[in-house]
Trainee: 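Please read through the structure below; I'll follow up with questions.
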Amino acid sequence: MPKKVNIFCGKFPHVIIFQRNKQTLRFFSSSCRTSSILVELVAKQHWSKLKTHLQNTKPNALLHQLLTSEADPELTLRYLTWSQKEFKLSHSLELTFRTLYSLACARKYSKIRSFLDNFVKNEKNYPVSSIFHAISVGGDSFCANSIIVDMLVLAYVKSLKTHLGYEAFRRAGDYGFKLSVISCNPLLHALVKERKIGNMEFVYKEMIKRRIGPNLISFNVVVNGLCKAGKLNKASDVIEDMKVWGVSPNVITYNTLVDGYCKMGKIGKMYKADAVLKDMVAKGICPNEVTFNILIDGFCKDGNVSAAMKVLAEMQSQGLNPNVVTYNSLINGLCSDGKVDEATVLRDQMIGSGLKPNVITHNALINGLCKNKMVNEASDSFNDMPKQGIAHNVTTYNILIDGYCKAGRIEDAFELRNAMLGRGICPNVSTYNCLIAGLCRKGDMEAAWHLMDEMVGKDLRADVVTYNILIDLLCNKGESRRAMKLFDEMSRKALNPSHVTYNSLMDGYCKEGNLRAALNVRTRMEKGGRRANVVTYNVLIKGFCKKGKLEDANKLLNEMLEKGLVPNRTTYEIVREEMMDKGFVPDIEGHLYNV
DNA sequence: GTAGGGTTAG
């Protein structure tokens with residue numbers, strides 16, 4: 001019998017498989033001959049014979065015997081999987097992980113990897129704590145155990161059980177097991193994808209603390225996560241940290257940060273994005289197509305297509321060719337600006353330069369036509385797509401369905417929905433959202449609720465947008481309390497309310513003249529981790545104005561400017577109509593001349 | 001194995 005010493009006894013006083021196994025051992029000593037026959041059958045892989053012989057022996061007793069007799073680890077594993085399948089049983093965690101331990105000592109890593117991949121896919125989820133207990137009593141080689149835990153974390157992440165991967169990572173720290181970037185990088189990536197940025201930051205800090213040595217990929221993933229969460233200063237700090245670790249940021253690191261500024265930055269964000277670009281050039285990192293595409297898209301989304309065009313010229317002067325993504329951003333930018341004709345010209349230019357428009361190009365143009373009240377043209381464009389060898393996708397249908405709804409052509413919208421079903425494209429939540437919003441605009445509440453039921457029947461779950469549509473509708477009808485009930489339902493369904501949700505509720509209460517309730521919603525919004533945006537301020541400022549509280553409204557205006565939020569057209573309209581026309585001079589007055 | 005483009009709600 002091998003000597004098993006639990007080196008973690010001090011901290012984790014869970015000993016001991018020996019007590020439990022005494023009985024098993026007695027069994028083996030009394031029937032030693034039988035057992036050696038069985039072991040030999042395993043060695044020869046005579047499974048059917050083994051099955052008949054095992055009628056009087058417990059399968060787990062044989063597994064134990066294989067482990068203690070130090071049989072070939074691969075064979076032990078083969079017996080383990082065979083017996084689990086054959087007898088529809090699960091071996092204990094202790095024996096399972098002892099098997100993996102023996103494989104780790106024999107450096108049969110790929111066997112462990114594929115076993116763990118299956119192990120975690122199993123619907124029977126063992127508590128991570130039990131697994132760690134089994135690992136720590138199963139073997140005393142720190143290195144072998146660490147490798148098993150590393151592979152376990154990776155297996156969880158691969159099977160989309162990120163929460164368990166995260167827990168295993170945390171516990172590995174308690175036990176002092178040393179993980180590697182092989183499991184930590186995918187874990188970081190998965191946490192970013194699930195928007196669990198707090199957890200991602202924990203893993204990153206722990207990696208440094210535990211001296212796991214983040215590499216370039218780790219840093220890039222972390223920078224991306226922080227950018228997606230709007231933590232741009234922290235992202236810049238991480239880039240500084242990299243140098244301490246002797247890792248140089250590359251073009252991807254900087255592109256990620258530039259994109260962060262474009263998408264999450266506040267006042268003067270494009271200026272800052274440009275500053276990051278200059279910084280990277282100064283550090284000798286050459287911008288590539290992606291860098292320029294990010295900037296072009298950023299300027300377009302910022303409503304500044306002419307600046308985007310200048311970036312395009314700069315890109316070409318540096319010998320970089322615009323690609324489909326470049327053109328798609330510009331086409332979309334022009335369409336949002338109401339310049340569908342120019343967008344079409346650009347599309348032709350794109351074709352002239354040898355690039356083939358893809359489904360995204362077409363969708364952008366169809367959307368542009370819809371938004372500019374050219375639904376018939378949009379429909380023609382839609383029908384042209386198959387002729388050009390481009391298949392419609394769900395988004396194409398959704399765009400045109402939304403176009404029909406907004407043009408008041410609900411019947412056409414439903415007809416198109418039915419057509420997509422016939423063509424094997426499944427409506428998704430967005431399809432329903434477009435239709436529900438269309439029905440709400442028409443005031444056909446009954447049909448809207450009916451569609452909600454239909455969604456559930458099709459196993460489609462209402463999302464934040466669905467709730468936003470319904471909440472907004474109720475608020476506009478003066479039924480804020482009913483809207484609040486839907487809001488509570490959202491949290492019960494683990495849906496994270498968005499800015500729109502809170503803003504609609506505040507608007508509803510403001511319209512009812514209930515400023516207190518509106519401010520309560522704002523408090524909840526901040527507790528929910530969302531900061532007030534321009535729309536929030538517009539809603540509240542208007543609410544206070546309507547109540548004649550112009551001084552308070554003015555304070556809100558100041559607060560908004562101090563937070564670096566940029567007033568929009570609605571803000572100016574409110575200020576003009578509700579304050580200036582009534583003889584009140586707001587602090588924002590000076591800005592009004594710029595509009 | 002880390003970066004970029006299209007739809008729905010204010």
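So that the names make sense, note that chain A is the first sequence line, chain B the second, and so on, each numbered from 1.
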Trainee: Kindly point out which of B:dA9, B:dA3, B:dG5 is positioned nearest to the side chain of A:Ser498?
Mentor: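 When the side chain of A:Ser498 is considered, B:dA9 is the closest of B:dA9, B:dA3, B:dG5.
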
Trainee: Answer yes or no: side-chain N or O of A:Asn503 and base N or O of B:dA9 forming a donor-acceptor pair under 3.5 Å.
Mentor: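 Answer no: no donor N or O sits under 3.5 Å from an acceptor.
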
Trainee: For A:Asn255, what residues pass the side chain to side chain donor-acceptor pair (under 3.5 Å) criterion, not counting sequence neighbours?
Mentor: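 Only A:Asn288, A:Thr291 meet the side chain to side chain donor-acceptor pair (under 3.5 Å) criterion with A:Asn255.
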
Trainee: Hey, are A:Asp507 and A:Arg522 close enough for a salt bridge, meaning a charged N less than 4.0 Å from a carboxylate O?
Mentor: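 Not counted as a salt bridge, because no side-chain N and carboxylate O are separated by less than 4.0 Å.
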
Trainee: Near DNA chain B, counting only heavy atoms under 4.0 Å, which residues of residues 307-325 of chain A show up?
Mentor: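 Within this stretch, A:Asn323, A:Val324, A:Val325 sit under 4.0 Å of the strand.
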
Trainee: Describe the nucleic acid contact of A:Asp507 in one word from base, sugar-phosphate, nothing, applying a heavy-atom distance below 4.0 Å.
Mentor: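 Nothing, no nucleic acid heavy atom in range.
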
Trainee: Would you mind listing every side chain to side chain donor-acceptor pair (under 3.5 Å) that reaches into residues 181-194 of chain A, with sequence neighbours excluded?
Mentor: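 Sorted pair list: A:Asp150-A:Ser183, A:Thr162-A:Glu194, A:Asn185-A:Asn215, A:Asn185-A:Ser218, A:Glu194-A:Lys196.
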
Trainee: What is the nucleic acid contact for A:Val221, judged by heavy atoms within less than 4.0 Å: base, sugar-phosphate only, or nothing?
Mentor: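 Sugar-phosphate, backbone atoms only, no base.
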
Trainee: Which residues satisfy the ring pair (Phe, Tyr, Trp, His ring centres under 6.0 Å) test with A:His392, sequence neighbours excluded?
Mentor: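 So A:His392 forms a ring pair (Phe, Tyr, Trp, His ring centres under 6.0 Å) with A:Phe382, A:Tyr397.
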
Trainee: Any ion pair linking A:Arg531 and A:Glu526 (charged N to carboxylate O, less than 4.0 Å)?
Mentor: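 No, A:Glu526 and A:Arg531 are not salt-bridged.
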
Trainee: With the threshold set at under 4.0 Å for non-hydrogen atoms, list the residues of residues 183-190 of chain A touching DNA chain B in residue-number order.
Mentor: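 Listed by number, they are A:Pro186, A:His189.
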
Trainee: Starting at OH of A:Tyr254 and ending at C1' of B:dA3, how long is that distance when rounded to a whole Å?
Mentor: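 Value for this atom pair: 14 Å.
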
Trainee: Just jot down the side chain to side chain donor-acceptor pair (under 3.5 Å) partners of A:Asn328, sequence neighbours excluded, or say none.
Mentor: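 Residues passing side chain to side chain donor-acceptor pair (under 3.5 Å) with A:Asn328: A:Asn358, A:Thr361.
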
Trainee: Can a donor-acceptor pair under 3.5 Å be found between the side-chain atoms of A:Asn468 and the base atoms of B:dG10?
Mentor: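 No, the side chain and the base share no sub-3.5 Å donor-acceptor pair.
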
Trainee: Under 4.0 Å between a Lys/Arg side-chain N and an Asp/Glu carboxylate O for A:Asp337 and A:Lys339?
Mentor: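 Counted as a salt bridge, because a side-chain N and a carboxylate O are separated by less than 4.0 Å.
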
Trainee: Does B:dT8 have OP1 or OP2 sitting under 4.0 Å from an N or O in the side chain of A:Lys371?
Mentor: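 For A:Lys371, the contact criterion (side-chain N or O under 4.0 Å from OP1 or OP2 of B:dT8) is met.
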
Trainee: What residues, two or more places apart in sequence or in another chain, satisfy salt bridge (Lys or Arg N to Asp or Glu O under 4.0 Å) together with A:Asp463?
Mentor: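 Checked A:Asp463 against salt bridge (Lys or Arg N to Asp or Glu O under 4.0 Å); zero matches.
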
Trainee: In residues 232-246 of chain A, what residues come within less than 4.0 Å of DNA chain B, judged by heavy atoms?
Mentor: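 None, since no heavy atom is under 4.0 Å.
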
Trainee: Among B:dG5, B:dA9, B:dA3, which is the nearest nucleotide to the side chain of A:Asn328?
Mentor: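 Taking heavy atoms from C-beta onward, the closest nucleotide is B:dG5.
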
Trainee: Which part of the nucleic acid, if any, lies within reach of A:Lys263 when heavy atoms closer than 4.0 Å are counted: base, sugar-phosphate only, or nothing?
Mentor: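 If one applies the 4.0 Å heavy-atom cut-off, A:Lys263 turns out to touch the sugar-phosphate alone, with no base involved.
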
Trainee: Under 4.0 angstrom, heavy atoms only, what part of the nucleic acid is A:Asn533 near: base, sugar-phosphate, or nothing?
Mentor: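 Contact class for A:Asn533: base.
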
Trainee: Just to verify, what does A:Lys266 make a salt bridge (Lys or Arg N to Asp or Glu O under 4.0 Å) with, not counting sequence neighbours?
Mentor: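 Residues passing salt bridge (Lys or Arg N to Asp or Glu O under 4.0 Å) with A:Lys266: none at all.
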
Trainee: What pairs of donor and acceptor atoms, side-chain ones from residues 478-486 of chain A against any protein atom, are under 3.5 angstrom apart with sequence neighbours left out?
Mentor:
residue: A:Glu479; atom: OE1; partner: A:Arg482; partner atom: NH1; Å: 3.1
residue: A:Ser480; atom: OG; partner: A:Glu512; partner atom: OE2; Å: 2.5

Trainee: Carefully, step by step, assess A:Tyr404 and A:Phe414 under the rule ring pair (Phe, Tyr, Trp, His ring centres under 6.0 Å).
Mentor: CA-CA 9 Å; A:Tyr404 280 137; A:Phe414 272 93; over 10 Å; no

Trainee: Tell me whether the side-chain N/O atoms of A:Asn220 come closer than 4.0 Å to OP1 or OP2 in B:dA3.
Mentor: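 Checking B:dA3 against A:Asn220, no side-chain N or O comes under 4.0 Å of OP1 or OP2.
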
Trainee: For A:Ile182, which contact category applies under a 4.0 Å heavy-atom criterion: base, sugar-phosphate, or nothing?
Mentor: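 A:Ile182: base contact, heavy atoms under 4.0 Å.
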
Trainee: Can you check whether A:Asn220's main-chain N or O pairs, donor with acceptor, with A:Asn224's side chain at less than 3.5 Å?
Mentor: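 No: the side chain of A:Asn224 does not pair with the backbone of A:Asn220.
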
Trainee: Checking A:Glu578 against A:Lys542 for the salt bridge (charged side-chain N to carboxylate O under 4.0 Å, His left out) test, could you report, in this order, the C-alpha distance in whole Å, the side-chain angles of both residues, the deciding distance, and whether it holds?
Mentor: CA-CA 7 Å; A:Glu578 305 290 339; A:Lys542 192 169 180 179; 5.5 Å; no

Trainee: Whole Å only: how far is the CG atom of A:Leu540 from the P atom of B:dG10?
Mentor: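 Whole-Å distance recorded here is 17 Å.
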
Trainee: Please list residues of residues 394-414 of chain A whose heavy atoms come under 4.0 Å from any atom in DNA chain B, ordered by number; otherwise none.
Mentor: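 Per residue number, the list reads A:Thr395, A:Asn398, A:Ile399, A:Asp402, A:Lys406.
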
Trainee: Give the rounded distance in Å between these two atoms: NE2 of A:His499 and P of B:dA9.
Mentor: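 These atoms are roughly 18 Å apart.
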
Trainee: So, A:Ser381 side chain and A:Ala378 main chain: donor-acceptor pair closer than 3.5 Å or not?
Mentor: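 No; judged by distance alone, with no hydrogens or angles, the pair does not exist.
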
Trainee: Check each residue of residues 427-438 of chain A for a non-hydrogen atom within less than 4.0 Å of any atom in DNA chain B, then write out the ones that pass by number, or none.
Mentor: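 DNA chain B contact set from residues 427-438 of chain A: A:Ser430, A:Asn433, A:Cys434.
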
Trainee: Looking for any heavy atom pair under 4.0 Å, which part of the strands does A:Lys301 touch: base, sugar-phosphate only, or nothing?
Mentor: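 Sugar-phosphate contact only - A:Lys301 comes under 4.0 Å of backbone atoms but never of a base.
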
